[in-house]
K.L.:
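Just passing along the structure, written as structure tokens.
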Amino acid sequence: MAEAHAAVAFSFSITHEGWDVNLDREVLHLVWQSGVRSWKKRIARLLNNVHNGIYPGHYSYLCVIIALVSAMHLNGLQVPLNLPPKLLTLCPSQTIYWQLGACTLSSLSYWLSAVYFLRYSLKMLFMYKGWMYEAQNKSPSLLTKLWLSAVKVLGGWNTPKLYSYQSSLPRLPLPSLHDTMERYLRSVRPLLDDSMYSKMVKLAAEFENGIGKKLQRYLLLKSWWSSNYVSDWWEEYVYLRGRYPLMINSNFYGIDAIMLHPTTNQAARAGSIINSLLMFRRLLDRQELDPILIQGLVPLCSWQYERIFNTTRIPGEEADKIMHFRDSSHIAVYHKGRYFKVFIYHRGRILKPPEIQMQIEQILKDQSEPQPGEEKLAALTAGIRTQWAYVRNKHFAKGVNKASLDAIEKSAFVVVLDDFPYEFDMNDPSKLDRYGKVLLHGRGYDRWFDKSFTLCIGTNGRLGFNAEHSWADAAVVSHLWEWVITEESYDPRFDPNGNTLGNPEFTPPPPCRLSWDIKFDCQNSIEASLYVANTLIEDIDLRIYVHDRYGKGFMKGCRLSPDAYIQMALQLAYYRDGGKFCLTYEATMTRLYREGRTETVRPCTVESSTWVKAMEDKNTSLEEKIRLLRKACETHQKAIKDAMCGKGMDRHIFCLYVVSKYLKVQSPFIKEVLSEPWRLSTSQTPHGQTKRMDLKKHPKCISAGGGFGPVADDGYGVSYIIAGEDLLFFHISNKKSCPTTDCHRFARKIEQALTDMQELYTEYNQAAKM
């Protein structure tokens, strides 16, 4: 009850002597500051919304037009469409004030017309994707040059904010049914024998000429009506309706810049990184973060950035929901089984690193014991979603449990202070493997897997994160992580003793220990969820392979796309590992379109399989292997560009499936397509998305990337990052229960494939010189 009394801002009672009023000025001051901060954000959002609503126009142009129109009208000159005199006919008098009012309204109409003309002109220009298919080492075509000039002219009227381009981005186009069928059949050709392929050709033809036409019509209507015909269904049916545990199956992780170790002080590193995250959040709130522009001209959709902070996934019996809060004045911190609420503002400003360090030190020194059920509470977020929804509604819907759960779910993000170090040693790869597993799943009860992201910090100051996947894709979290790592690395943050630089300007508010009343049956539910989590943890294996023999520099020297090069290496490695090809998943973005998320690229193609077989054939000449590799890489690159330009097939087929379920119709073709497992699921972690990452000046400011669990029980999950000119990281996962997969063995196959490809080109170049 002490915590409850301390939280009361004022109280009153009626006695025989009259009114007795008790005021707590400090709490009232906090309420006042919170309200001021809230109104400041509302005003800033309003101004930003107006700015984005008129982009690429600007208020200053409106003032110029008003001045010109007023001057022309008052001097007897006719303005376009002669609007002022027409408006004056509606006015009761012809005084100077009415004339200026008519000129202002006329100017406003001219200005708005120009704004909408510029906006829709930009949208039409952004629909052009021919520039993507032109070789980068050649001069662009005349059409592309004209397009570049037009984009520069129309987009240069005003400085864009983060969301300024949203209304100018085109909608994701709907591919034709025939094109999707052709792409699909070509993608499965290397995986099927002649009889199975003939069967699929027949099923595809029946679908295209039958029920597919009806499904396509409904999907066409949705593509016209919605801003993106895929994203809402993808979020709901792929993520939010999944009843499986989020841990390992959905959430992903990211690792620190492991080449740097700025401090071994856990509290100091926490203070620095938490402050950087909050500064990034402030940039988002004010929209001062620059939008990502490809080639400095073409914007990527920024829609997903809205939910980086103050966001959590709420469990439901049939489907979860994403809850995003406008603001949060605190973070939630977990340490040794205890949860704390830590305030992050003082008098309207974000706490400085040394002030946050003081708060973290108080938590680390706290010797109190966890309350019953508190230590393993987060296991509920790692278990079956339906069970968590039931327990949440029964035990956390009111009282002290609801208040404490709200403190976690409404926090800006969750911080976990682990009681063990995160280690990295180039001479002991197993340490980095353990590092990755700690971030992927922890102990199963010490990560709040529902939160948009959980910041994890080891006792030696190294850190990482675990991120929930439904609200955004890895590229957005990677941008956040890249900004935070560079912000901390480029500027001095720590003194020689490892503490944060600077002195606290005041004593920050102490962390508030959260209270719980977790009953015995709720504790049993927590243990049941922890059993599910432990079963998953015991079955997952992870290998983080560091390849430092060569990297992006050598691949570009071969005049090949680094991503295509690595995908071919993975195809060669898998074929050697399993003796066959498999359906391979690679994620690429569709953020060139409004509310775009991802599309699937299938790296296992007719061309890639032909090259792999040639590599295993000693009778194939060196020149032929090189030719086939280049052809396979070109095919892969075209598939990447097609997917980015809305010409993918897997999201189209997925949406056709959703329509069929709504209409309650069966399709043997769709059933066959969706039954195929992704035994090799791959993804490249974006690196250097902005100009902040300058590896020439800061060569060690390199993140090791991150990873995820396998999609299929008998498959691999492979995430890779092209970290530098001579450095690659591969995060390889598999399930131990599968006798045919082994991430450590597969890592050796990848190493051998990369070595063979290097030797192939080295030998080829030497032969060319002779």
Side-chain angles (χ1 to χ4, degrees), residues 188 190-193 196 242-253 382-384 428-444 530-547 566-586 602-604 608-609 612-613 615-616 672-683 707-720 729-756:
V188 298
L191 307 175
L192 304 175
D193 57 29
M196 285 298 298
R243 302 293 82 198
Y244 49 77
L246 301 183
M247 184 190 73
I248 297 175
N249 294 315
S250 180
N251 284 27
F252 58 94
Y253 69 88
I384 303 298
D428 186 359
S430 63
K431 290 184 177 180
L432 188 56
D433 297 345
R434 288 194 294 271
Y435 193 164
K437 286 175 68 68
V438 161
L439 298 174
L440 178 62
H441 53 64
R443 296 187 175 109
L530 183 58
Y531 177 79
V532 173
N534 285 334
T535 302
L536 290 171
I537 292 173
E538 291 170 2
D539 194 30
I540 195 70
D541 201 1
L542 179 68
R543 173 77 172 94
I544 303 179
Y545 166 54
V546 183
H547 181 84
I566 292 176
Q567 285 292 337
M568 295 308 108
L570 292 176
Q571 289 299 308
L572 179 58
Y574 188 90
Y575 185 80
R576 289 172 173 174
D577 184 71
K580 59 181 179 180
F581 298 106
C582 73
L583 189 62
T584 308
Y585 180 107
E586 182 188 6
R602 300 189 174 200
C604 184
S608 67
S609 59
V612 168
K613 291 177 180 178
M615 288 293 290
E616 297 298 275
E672 191 72 27
V673 171
L674 298 181
S675 67
E676 300 165 352
W678 300 99
R679 291 192 172 90
L680 184 57
S681 180
T682 72
S683 178
F708 50 86
V711 174
D713 291 338
D714 58 346
Y716 293 108
V718 181
S719 175
Y720 55 92
F729 290 92
F730 292 86
H731 300 248
I732 310 161
S733 63
N734 77 288
K735 293 190 175 181
K736 298 176 183 178
S737 56
C738 177
T740 60
T741 56
D742 182 342
C743 59
H744 303 276
R745 184 186 71 218
F746 193 49
R748 293 192 293 271
K749 298 294 184 182
I750 294 174
E751 180 181 15
Q752 186 60 52
L754 291 171
T755 300
D756 291 348

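All values below come from the heavy atoms of this structure, side chains included, with hydrogens, waters and symmetry mates left out. Just so you know, these numbers come straight off a predicted model, no measurement behind them.
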K.L.:
Does atom OH of Y531 have more than 12 heavy-atom neighbours from other groups under 6.0 Å away?
P.N.:
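Not buried by this count: 12 neighbours or fewer within 6.0 Å.
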K.L.:
Does anything in residues 736-750 form a salt bridge (charged side-chain N to carboxylate O under 4.0 Å, His left out)? List the pairs, not counting sequence neighbours.
P.N.:
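Sorted result for residues 736-750: D577-R745.
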K.L.:
Report yes if some heavy atom in the side chain of C743 is under 4.5 Å from a heavy atom in the side chain of N734; otherwise report no.
P.N.:
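They are in side-chain contact.
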K.L.:
Is a donor on one side and an acceptor on the other found under 3.5 Å between the side chain of D433 and the backbone of R543?
P.N.:
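The answer is no, because no donor-acceptor pair under 3.5 Å joins these two groups.
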K.L.:
Within a strict 4.5 Å, meaning less than it, do heavy atoms of the N251 and H441 side chains meet?
P.N.:
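SC-SC contact between N251 and H441 ruled out.
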K.L.:
Could you tell me the separation between the SG atom of C604 and the CZ atom of F581, rounded to the nearest 0.5 Å?
P.N.:
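Reported value, rounded in 0.5 Å steps: 6.0 Å.
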K.L.:
Measure across P245 and A382 and return the closest heavy-atom pair with its distance rounded to 0.1 Å.
P.N.:
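P245 and A382 have their closest heavy atoms at CB-O, 3.1 Å.
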K.L.:
Could you measure the distance from the CZ atom of R602 to the CG atom of L583? Nearest 0.5 Å is fine.
P.N.:
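It comes to 5.0 Å.
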K.L.:
List the steps, then state whether side-chain contact (heavy atoms from CB on, under 4.5 Å) holds for E586 with L570.
P.N.:
CA-CA 11 Å; E586 182 188 6; L570 292 176; over 6 Å; no
K.L.:
So, taking the atom named CD1 in I750 and the one named CD1 in I732, what distance separates them when rounded to the nearest 0.5 Å?
P.N.:
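So the gap between those two atoms works out to 3.5 Å.
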K.L.:
With F730, which of T682, V546, I566, I544 fulfils side-chain contact (heavy atoms from CB on, under 4.5 Å)?
P.N.:
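Output: one option passes, namely I566.
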K.L.:
Please list, chain by chain and in numerical order, all residues satisfying side chain to side chain contact (heavy atoms under 4.5 Å, CB included) with L192, sequence neighbours excluded.
P.N.:
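L192: side chain to side chain contact (heavy atoms under 4.5 Å, CB included) contacts with V188, M196, Y197, M200.
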K.L.:
When rounded to the nearest 0.5 angstrom, what is the spacing between OH in Y545 and CD in E751?
P.N.:
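Those atoms lie 3.5 Å apart.
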K.L.:
Kindly write out the residues that satisfy ring-ring contact (aromatic ring centres under 6.0 Å, His included) with F708, not counting sequence neighbours, or none if the list is empty.
P.N.:
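With neighbours one apart ignored, the set is empty.
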K.L.:
Check whether any side-chain heavy atom of V612 lies under 4.5 Å from a side-chain heavy atom of M615, and answer yes or no.
P.N.:
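Not touching, per the 4.5 Å side-chain cut-off.
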K.L.:
Restricting to side chain to side chain contact (heavy atoms under 4.5 Å, CB included), what partner residues turn up for A569, sequence neighbours left out?
P.N.:
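Only A753, L754, M757 meet the side chain to side chain contact (heavy atoms under 4.5 Å, CB included) criterion with A569.
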K.L.:
List the atom of M247, the atom of I537, and the distance in Å for their closest heavy-atom pair.
P.N.:
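Shortest heavy-atom contact: CE-CG1, 3.7 Å.
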K.L.:
Considering residues at least two apart in sequence or located in another chain, which fulfil the ring-ring contact (aromatic ring centres under 6.0 Å, His included) criterion with Y720?
P.N.:
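Listed in chain order: nothing, the list is empty.
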K.L.:
If I compare all heavy atoms of Y716 with all of T741, which pair ends up nearest, and what's the gap?
P.N.:
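In this case the closest contact between Y716 and T741 is OH-CA, 3.4 Å.
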K.L.:
side-chain hydrogen bond (donor to acceptor under 3.5 Å, both in side chains) with T535: which residues, sequence neighbours excluded?
P.N.:
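None.
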K.L.:
Enumerate the residue pairs fulfilling salt bridge (charged side-chain N to carboxylate O under 4.0 Å, His left out) with a member in residues 531-541, sequence neighbours excluded, ordered by first and then second residue.
P.N.:
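Salt bridge (charged side-chain N to carboxylate O under 4.0 Å, His left out) check on residues 531-541 returns no pairs.
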K.L.:
Can you sort out the partners of C582 under side chain to side chain contact (heavy atoms under 4.5 Å, CB included), two or more places apart, ordered by chain and number?
P.N.:
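Listed in chain order: Y574, T584, R679, L680.
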K.L.:
On a heavy-atom basis, which atom in M568 and which in S608 lie closest, and how many Å separate them?
P.N.:
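Looking at all heavy atoms of both residues, the shortest contact is SD-CB, 3.6 Å.
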K.L.:
For Q752, give me all partners under side-chain hydrogen bond (donor to acceptor under 3.5 Å, both in side chains), at least two apart in sequence or on another chain.
P.N.:
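side-chain hydrogen bond (donor to acceptor under 3.5 Å, both in side chains) list for Q752, sorted by chain: D756.
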K.L.:
If I compare all heavy atoms of S719 with all of G707, which pair ends up nearest, and what's the gap?
P.N.:
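Residues S719 and G707, closest heavy atoms: CB-CA, 3.8 Å.
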K.L.:
Checking S683 now: which residues fulfil side-chain hydrogen bond (donor to acceptor under 3.5 Å, both in side chains) with it, not counting sequence neighbours?
P.N.:
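Scan of S683 (side-chain hydrogen bond (donor to acceptor under 3.5 Å, both in side chains), adjacent residues dropped) gives none.
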K.L.:
With sequence neighbours excluded, tell me which residues meet salt bridge (Lys or Arg N to Asp or Glu O under 4.0 Å) with R434.
P.N.:
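With neighbours one apart ignored, the set is empty.
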K.L.:
Name all residues meeting the side chain to side chain contact (heavy atoms under 4.5 Å, CB included) criterion together with L440; count only those two or more places apart in sequence or in a different chain, and write none if there are none.
P.N.:
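L440 satisfies side chain to side chain contact (heavy atoms under 4.5 Å, CB included) with I248, Y253, I540 once adjacent residues are dropped.
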